[in-house]
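This structure is a prediction, so every number in the text was calculated from the model and none was measured.
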Amino acid sequence: QVQLVESGGGLVQAAGSLRLSCAASGRAFSNYNMGWFRQAPGKEREFVAAISRYVAATYYADSVKGRFTISRDNAKNTMYLQMTSLKPEDTAAYYCAGTPSIIRTMRQWSRSSEYDYWGQGTQVTVSS
């Protein structure tokens, strides 16, 4: 099975930047559709961004469009989330997720149930 490990979280001031990484074990990372989700205390896990396999199409939640950039480096078996203009409401545990299955619609990209593998999470705290 695939192991996903997030890193790069931390404490940052509002309007600051942070880059998260998600490292995938084993081969065939390039065959996986990947995404980032986040969860704040007392709230449901919410979609942040996703990136497709092969052509690396990207998808973003409205709340992060223009501020976050998702990317992947298949040679390094790693996915990234570059976060800029951070806001206190971005504070959450951030999780990377992946699936080898086909995802066709935005509704599917944004549903956590579509993803088969999850990392342990990395905490991002934005101070005001």
Side-chain angles (χ1 to χ4, degrees):
Q1 300 184 53
V2 177
Q3 179 182 347
L4 302 176
V5 179
E6 304 96 332
S7 62
L11 176 64
V12 64
Q13 191 173 353
S17 299
L18 207 59
R19 188 178 79 157
L20 306 183
S21 298
C22 173
S25 67
R27 64 183 184 274
F29 170 74
S30 61
N31 185 241
Y32 280 71
N33 291 307
M34 301 292 296
W36 288 97
F37 290 77
R38 66 188 183 187
Q39 187 169 22
K43 299 181 67 177
E44 295 295 314
R45 186 168 298 182
E46 67 173 343
F47 171 74
V48 177
I51 185 165
S52 73
R53 59 188 179 182
Y54 308 146
V55 299
T58 58
Y59 309 88
Y60 296 94
D62 289 341
S63 60
V64 306
K65 283 182 179 177
R67 300 190 298 121
F68 292 8
T69 302
I70 189 171
S71 62
R72 65 192 297 162
D73 187 338
N74 290 336
K76 296 181 178 180
N77 286 258
T78 303
M79 176 180 66
Y80 305 95
L81 185 68
Q82 179 66 53
M83 305 184 293
T84 62
S85 301
L86 283 162
K87 306 174 181 179
E89 49 262 49
D90 294 318
T91 295
Y94 283 71
Y95 299 87
C96 67
T99 177
S101 299
I102 293 173
I103 300 179
R104 298 185 184 277
T105 68
M106 187 61 205
R107 178 65 64 183
Q108 289 179 289
W109 283 110
S110 63
R111 291 177 61 182
S112 60
S113 61
E114 295 291 333
Y115 298 83
D116 303 303
Y117 302 98
W118 293 83
Q120 83 290 345
T122 185
Q123 179 67 36
V124 172
T125 302
V126 184
S127 63
S128 60

Student check: side-chain heavy atoms of Q108 and S101 closer than 4.5 Å: no
Shortest non-hydrogen contact between A50 and W109, atoms and distance: CB-CE3, 3.5 Å
Exercise: identify the closest heavy-atom pair between I102 and R104: CG2-CG, 3.7 Å
Euclidean distance, C22 SG relative to Y117 OH, rounded to 0.5 Å: 13.5 Å
Under 3.5 Å: donor-acceptor pair, side chain of S52, backbone of A57: yes
Contacts of F37 that satisfy ring-ring contact (aromatic ring centres under 6.0 Å, His included) - sequence neighbours left out: F47, Y115, W118
For T99, the option from N33, D116, N31 that meets side chain to side chain donor-acceptor pair (under 3.5 Å): D116
Nearest atoms (heavy-atom pairs only) where S128 meets A14: CA-CB, 4.4 Å
Side chain to side chain contact (heavy atoms under 4.5 Å, CB included) evaluation trace for M83 with D90: CA-CA 10 Å; M83 305 184 293; D90 294 318; 6.0 Å; no
Exercise: identify the closest heavy-atom pair between F68 and R38: CE2-NH1, 4.1 Å
Inter-residue atom distance M34.CE - F29.CZ, 0.5 Å rounding: 4.5 Å
Expected output: side-chain T125 to main-chain T91 donor-acceptor under 3.5 Å: no
Minimal non-hydrogen separation, A24 against L4, with atom names: CB-CD2, 3.6 Å
Atom pair OG/CZ of S17 and R67 - distance to nearest 0.5 Å: 10.5 Å
Y32-R53 side chain donor-acceptor pair, cut-off 3.5 Å: no
Carboxylate-amine/guanidinium proximity below 4.0 Å for K65 and D62: yes
Spacing of S110 atom OG and E46 atom CD [to the nearest 0.5 Å]: 11.0 Å
L11 CG to Q123 CD distance, which is reported to the nearest 0.5 Å: 10.0 Å
same_hphob_cluster(Y95, V64) at 4.5 Å side-chain heavy-atom cutoff: no
Hphob cluster co-occupancy, Y59 + I103, side-chain heavy atoms under 4.5 angstrom: yes
V124 reachable from V48 in the ILVMFWY side-chain graph, under 4.5 Å edges: yes
Pairwise distance CD(E114) to OG1(T105) - rounded to 0.5 angstrom: 7.0 Å
ring-ring contact (aromatic ring centres under 6.0 Å, His included) partners of Y80, counting only residues at least two apart: none
Pairs touching residues 5-16 that satisfy side-chain hydrogen bond (donor to acceptor under 3.5 Å, both in side chains), sequence neighbours left out: E6-Q120
Test item: I70 and M79 side chains (from C-beta on) under 4.5 Å apart, heavy atoms: yes
Test applied, side chain to side chain contact (heavy atoms under 4.5 Å, CB included); reference residue, L18; option that passes from L81, L86, T84: L86
